[in-house]
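Side chains included, hydrogens not; waters and symmetry mates left out as well; all remaining heavy atoms used.
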Amino acid sequence: MMVQHVRPIFSNANKSRRVFRFITASNVLLAVILALLLLAAPLVMAQSFTDALLAARSTDAGYAAKLADVRGRRLQSRQAATAFLPTANVSYTQGDNAYAGRDSNSVSLSQPLLSFDRYLQYQSAEPLVVVAVAESRLADNELAGRVYKAMAEIVRNREAIRAISVQIDGLDAQYKRALRMRELGQGTVTEVSDFEVRLAVGQANRLSQQNALQAAQRNFTLITGLVPQAQTLSVDNVAPDLDHRPLDELVAQVRRSEPSVVVATQNLALARINGKRSWAQYLPTLSAQVQRTQVSGSAATNASRVGVTLSAPLGASSYFDQQNAVVALDRARENLRAAEDAAITELRNLHAAVQSLAGEVSIRQRAVQAAQQAVEGNVKSYQGGVKTNIDVVTSYQNLAEAEAALVNSRLSQGEAALRLQQLLQAGPQDGAPAVAGPR
């Protein structure tokens, strides 16, 4: 295509240099524009809750620490599962008195056969892995809630700034009009001062809101490692339909499977096991042992036996270990009751909040529509000389405030729905209710 355009241009030698300079300049300008558009493209793309949550999972220090705790729980579970595995022992003694001062080395292998303490240790493996899974889910839920709140705070401040800016623009126009009227001798000093004060208050409020927006952006960056684009940031609409089962069924499900309740339930099971282990130390154990001994200057000897070991610690520490186990069991019972009460209360509150917020959002949507109609009516009336420009400014301000209130209600609704899904184990994998701005 370029060759077809270039040939006729250079067929005229007198015009070739002027045309070539024009084409070169145009191409450079076009290249600069394209480069700027390509560089700006990532900046104007709306950041979604999905992207922010994925970034936070690899950035947030608190989440990483919780995952480390989960890995520790899994290791404890694996360790408990090895309770009945054999143990090997290798020893070397120089100048062993048992063998007339000669050097000796031995290798022994011991296999536990019957041990109530080891059996209880083995029994703790399953509760530990269940706790690890539940704590992992708790970490995911907590991170999702923090990311959503961080994004919601940015959107709230952004919409508040927009509403205040509409108010400031209107007040500034009225202030300038009052000054002109005063210069023409048709206005009063009081009217000018009144608009000046209201304008200053609005500017101060906007500055305060801008500071709050910057703080919210820094918090978002701290959690996700991303630089938020406040003007385009949105929350994706990936929430599933809410559970419409009777509240009693939802309460029963929370008792069974809510992560914090699961953790408390398994901690109670572990406390019971530990309580039994404090007494199991007094019971005999049965084990088989094979040993090979090599003494310098003699042939190696092999020995095997099945023996019963009886250990009965009589110190004060064992007594207090038993008492501590009783206290830990009582504490685990109360922690379970507290976890169930907290989860069920939160479920009831969120269930009611989601329903009421749905009605609130519907009302605010109608308020925004009414405010839009008021703006159109005031503009037409002002053009017809019936309304003043103050009425027009006020109607625009009312519309901006109604839209900001609608966004706040949607954000509250989304946060409540997200948390309710988490309680019912139907939470989104990588999403949350949508809130990008007034619609």
Side-chain angles (χ1 to χ4, degrees), residues 47-81 124-154 216 218-226 228 235-236 238-240 243 250 253-271 331-332 335-336 338-347 349-350 411 414-433:
Q47 290 173 328
S48 66
F49 181 83
T50 302
D51 297 335
L53 185 56
L54 289 175
R57 286 175 176 170
S58 60
T59 302
D60 186 70
Y63 180 72
K66 288 182 172 63
L67 291 186
D69 291 338
V70 170
R71 291 194 297 271
R73 290 283 192 184
R74 294 184 182 276
L75 288 175
Q76 292 175 6
S77 174
R78 293 172 184 171
Q79 181 182 7
S124 66
E126 183 177 354
L128 284 171
V129 75
V130 174
V131 169
V133 173
E135 287 181 342
S136 177
R137 293 179 55 202
L138 281 174
D140 288 338
N141 292 345
E142 189 269 343
L143 180 65
R146 286 195 293 120
V147 170
Y148 188 91
K149 289 179 181 179
M151 298 182 71
E153 195 64 23
I154 292 176
R218 288 191 291 269
N219 183 50
F220 177 83
T221 301
L222 176 65
I223 297 174
T224 65
L226 302 175
V235 185
D236 296 331
V238 294
D243 200 325
L250 301 182
Q253 180 175 343
V254 166
R255 287 184 184 275
R256 291 192 310 270
S257 56
E258 197 277 327
S260 62
V261 176
V262 171
V263 170
T265 301
Q266 298 305 316
N267 284 337
L268 177 58
L270 291 171
R331 181 172 59 248
N335 286 339
L336 174 58
E340 288 179 344
D341 291 344
I344 291 172
T345 301
E346 186 178 12
L347 170 68
N349 292 339
L350 290 172
L411 287 170
E415 184 177 348
L418 175 62
R419 182 59 188 143
L420 183 59
Q421 293 162 9
Q422 292 173 347
L423 284 176
L424 297 175
Q425 296 192 12
Q429 297 297 322
D430 296 308

CD on Gln422 to CD on Glu142, rounded to 0.5 Å: 9.5 Å
What are the two closest heavy atoms between Ala81 and Ala125, and how far apart are they? N-CB, 3.9 Å
When every non-hydrogen atom of Tyr148 is compared with those of Gly414, the smallest separation belongs to OH-CA, 3.2 Å
Kindly determine whether Ile223 and Asn219 satisfy side chain to side chain contact (heavy atoms under 4.5 Å, CB included), including the steps that lead there. CA-CA 6 Å; Ile223 297 174; Asn219 183 50; 4.0 Å; yes
From Leu250 CG over to Leu350 CG, what is the distance, rounded to the nearest 0.5 angstrom? 11.5 Å
Kindly compute the distance separating OG1 (Thr265) from CG (Leu270), expressed to the nearest 0.5 Å. 11.0 Å
Could you pull out every donor-acceptor pair under 3.5 Å between side chains of residues 338-345 and any protein atom, sequence neighbours left out?
from: Glu340; atom 1: OE1; to: Arg255; atom 2: NH1; distance (Å): 3.4
from: Thr345; atom 1: OG1; to: Asp341; atom 2: O; distance (Å): 2.8

Nearest heavy-atom approach of Ala152 to Leu411 is O-CD1, 3.5 Å
Minimal heavy-atom distance between Val147 and Ala52, with the atoms involved, is CG1-CB, 3.8 Å
Check whether Thr221 reaches the backbone of Leu226 with its side chain - one donor and one acceptor, N or O, closer than 3.5 Å. yes
To the nearest 0.5 Å, how far apart are CG in Leu336 and CD in Gln266? 10.0 Å
Any pair with a residue in residues 60-73 that passes salt bridge (charged side-chain N to carboxylate O under 4.0 Å, His left out), sequence neighbours left out, goes on the list, sorted by first then second residue, please. Asp60-Arg146, Arg73-Glu135
With sequence neighbours excluded, residues passing salt bridge (charged side-chain N to carboxylate O under 4.0 Å, His left out) with Glu346: Arg419
Sequence-distant partners of Arg74, side-chain contact (heavy atoms from CB on, under 4.5 Å), two or more places apart: Val70, Val129, Ala132, Val133
About how many Å separate NZ of Lys149 and CG of Leu418, when rounded to the nearest 0.5 Å? 9.5 Å
Test of understanding: with side chain to side chain donor-acceptor pair (under 3.5 Å), list the residues that count as partners of Asn335, not counting sequence neighbours. none
Between atom OG1 of Thr224 and atom CG of Leu53, what is the distance when rounded to the nearest 0.5 Å? 10.0 Å
Closest approach of Met151 to Ser48 (non-hydrogen atoms, all atoms of both residues): CE-C, 3.8 Å
List the residues meeting side chain to side chain donor-acceptor pair (under 3.5 Å) with Glu258, not counting sequence neighbours, and say none if there are none. Ser260
